[in-house]
Each structure stands twice: as structure tokens, then as C-alpha cells.
Amino acid sequence: MYDAGISSLAERLDSSQRLRNTIRDDRLFDGLTLGAAYRVQHALIERRMLRHDPVVGLKLGFTSQAKMQQMGVHSPILGTLTASMQVHDGATVHLNRFIHPRIEPEVAFRLSRDVEPDASLTTLLDSVDAVAPALEIIDSRFEGFSFTLSSVVADNTSAAGFAVGAWQPFGLNTPLKNLAVQMIVADQMAAIGSTAAILGDPLRIFPLLLQTAREHGFALPAGSIILAGAATAAVPLTPGLAEARVAGLGRVAITAVGESDE
Ligand code: OOG
Ligand code: MG
């Protein structure tokens, strides 16, 4: 696809997010290849960077059956986290920032040094120094969260917000494979699962991360926060306390107030 086509789709998605109105007709995105979809995502992030909203990490999506089934998309994807999306642990977030937000319990990893895309998996794993419980707020720019693999990639994988709990030191023998996960939304238990839902073991995100970064041009700089993908289906975010608890790892919470657009 021509650069003009890429940038006009990026502009469309960017203004949908800023004005909080969904894109009604995604025929525009028909025929978009996965490669072109990642170029739209990069162009969208470029626009945010020009607004002094730097990249702080990456996020995997559709790494669990629960999420793939919920959304009808059956292949893992990679999105970009920027500084303005971060909500601090314990902070309040106003729902009027979003269109139709949903929240998911996740696990976050942190890179302690720059990793070149052609690095080995061992080098990547050696560069992970910390792990934490996390929350992700997703907010599709498409009406009704209705999208295809390519259109959700172009829409930066519905990324809209995230919170990370206290970092714990990470080593290859840190037990992460089958930890109980609880998602509390509006002060009520809303979903339960296990970190085993994430590709059988959250560490399996790393070969996928490396391959996608190589293939579609993502950088892995020091300090990057990497979200592994939701362990349960996403839950509509409504006012009250939203908390993810990951057994043995800790918890992270935000308080949602106000109303979203829909
Ligand atoms: C796309 C984002 C998927 C995850 O954790 O699987 C994702 C969506 O569901 O709108 O973030
Ligand atoms: Mg997610």
C-alpha cells in the first residue's frame, strides 16, 4: 500500500481515539495486509510521539484462548504502549477518556537493556530483569469491538491504558507458569483464570515477541514494559475498584470514576 494510504488510515484511527467516536465503516480496512496494518500502527504511534507521548513498551494480544474466542481473532498480535496510557498503581482514572473500555488482568515484564531485533532468545531472556502483575484497558476504535486481525493491528491492538504493580525480580526459575489470576471490576470478582492461559506459560511470549519485532519493525529498548496478554476474557470497565491479583506476584489496582462515551 502507498504511504498516503497508510497515513490516511493512521489519521482516521488517531482522530477516532482523540474525539472518542468509533469508526462505523471498517470497509476502509478491507484488504489491508498484516504488513501494511503494522505500518499503519507505526504511523499512528508516530503521530502520538509528535505530541510528546513517547513509546514506553509493547503489548502482546490474543495469547490466550479466552481472548481469541471472545474476539474471534486467532493469531497473536503486537501493539505499542505510550507514556500517556500509563495509570499509576492505586490511581483514579476517569472513564470519559474512553469510548467503551474493557479491562484485562495481565503480567508485565521489563527489559533492563537494549535488545537488537536480531538478538537470540537467550539474550532477550537475559535482558528481562523484572516481572509484575498488570492491568490493561482496551478501547477499540471500531464500533462494537468488531474488527479483523489486520484492522485491530492497525488500531494499535485496541491499546488505551495500562497499570503495573510492584516489580519483582525476574529470573528464569521465577515460577510464572500456573499462577491463579483474579480480576475484580466494580468491586466484584469478575473473572478468574491462570497464567497458564497465556500460551501455556507466559515465557512463551518471548520467541513470539522477537519474531514479530523482527518481521514488523519494533524496537526493544532498555526500560521497555512488555504486557504478555490477558489471562481471561476482558470485562467492561465500570466505576469502582478494578484490581488484578496474580498469586505469588501481587496485585495492582485502579479506581474508575465517571462515565465512558457509550
Ligand atoms: C484486542 C487486544 C487484545 C489481549 O490481551 O489479548 C489484548 C482486543 O481484544 O480488542 O490486549
Ligand atoms: Mg491485553
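All of these numbers come straight from a predicted model, not from anything done at the bench. Counting starts at 1 for both ligands and their atoms, following the listed order.
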[X]: numbered ligand 1 atoms lying under 4.0 Å from its heavy atoms:
| X | result |
| --- | --- |
| Gly61 | 3 (C), 4 (C), 6 (O), 7 (C) |
| Phe147 | 8 (C), 10 (O) |
| Phe145 | 10 (O) |
| Gly229 | 5 (O) |
| Ile138 | 8 (C), 9 (O), 10 (O), 11 (O) |
| Met71 | 9 (O) |

Is the shortest side-chain heavy-atom distance between [X] and [Y] below 4.5 Å?
| X | Y | result |
| --- | --- | --- |
| Leu60 | Ile198 | no |
| Thr195 | Val181 | yes |
| Leu95 | Glu259 | no |

### Message
Tell me whether Glu106 reaches ligand 1 (any heavy atom closer than 4.0 angstrom to a ligand atom).
### Response
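Contact check Glu106 vs ligand 1: positive.
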### Task
Report yes or no: does Ala234 have a heavy atom closer than 4.0 Å to ligand 1?
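Judged by the 4.0 Å heavy-atom criterion, Ala234 does not count as contacting ligand 1.
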### Message
Taking Arg113 first and then Asp129, would you say they form a salt bridge - that is, a charged N and a carboxylate O separated by under 4.0 Å?
### Response
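No.
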### Task
Please determine if Glu106 and Lys59 form a salt bridge, counting it only when a charged side-chain N lies under 4.0 Å from a carboxylate O.
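So Glu106 does not pair with Lys59 through a salt bridge.
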### Query
Angle subtended at the Mg ion (ligand 2) by OE1 of Glu104 and OE2 of Glu106, to 10 degrees?
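The two atoms subtend 90° at the Mg ion (ligand 2).
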Could you check [atom] against the protein and tell me its nearest heavy-atom contact, residue, atom and distance included?
| atom | value |
| --- | --- |
| atom 10 (O) of ligand 1 | Ser158 OG, 2.7 Å |
| atom 2 (C) of ligand 1 | Thr157 O, 3.2 Å |
| atom 3 (C) of ligand 1 | Lys67 CE, 3.7 Å |

### Task
Please work out which of the three classes, parallel, tilted or perpendicular, describes the rings of Phe145 and His100, given edges at 30° and 60°.
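The rings of His100 and Phe145 sit tilted, inter-plane angle from 30° to 60°.
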### Query
Between Phe170 and Phe206, what is the ring plane arrangement, given parallel below 30°, perpendicular above 60°, and tilted in between?
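The arrangement is tilted - the two ring planes meet at 30° to 60°.
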Any N/O pair [X]/ligand 1 closer than 3.5 Å:
| X | answer |
| --- | --- |
| Ala230 | yes |
| Glu136 | yes |
| Phe62 | yes |

### Message
Whether the Gln17 and Arg48 side chains hold a donor-acceptor pair (N or O, under 3.5 Å, no angle test) is what I'd like checked.
### Response
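Judged by distance alone, the side chains do pair up.
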Residue-level breakdown please: for [X] versus ligand 1, do any non-hydrogen atoms fall below 4.0 Å on the side chain, on the backbone, on both, or on neither?
| X | result |
| --- | --- |
| Ser140 | neither |
| Lys59 | side chain |
| Glu104 | side chain |

#### Entry: Atom pair CG/CD of Leu227 and Glu136 - distance to nearest 0.5 Å
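Reported value, rounded in 0.5 Å steps: 5.5 Å.
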### Message
With rounding to the nearest 0.5 angstrom, report the CD1 to OG1 distance, Ile192 to Thr232.
### Response
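Interatomic distance, Ile192 CD1 to Thr232 OG1, rounded to 0.5 Å: 10.0 Å.
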### Query
Which atom, among the N/O/S set of Glu136, is closest to the Mg ion (ligand 2)?
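Of all N, O or S atoms in Glu136, the Mg ion (ligand 2) lies closest to OE1.
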### Message
Run the ring pair (Phe, Tyr, Trp, His ring centres under 6.0 Å) test on Phe147 and Phe29 for me, step by step, so that the C-alpha distance in whole Å, both residues' side-chain angles and the decisive distance to 0.1 Å come before the verdict.
### Response
CA-CA 9 Å; Phe147 46 64; Phe29 292 79; over 10 Å; no
### Query
Is the backbone of Leu220 close enough, under 3.5 Å, to the side chain of Asp114 for a donor and an acceptor to pair up by distance?
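No, because the side chain of Asp114 does not come within donor-acceptor range (under 3.5 Å) of the backbone of Leu220.
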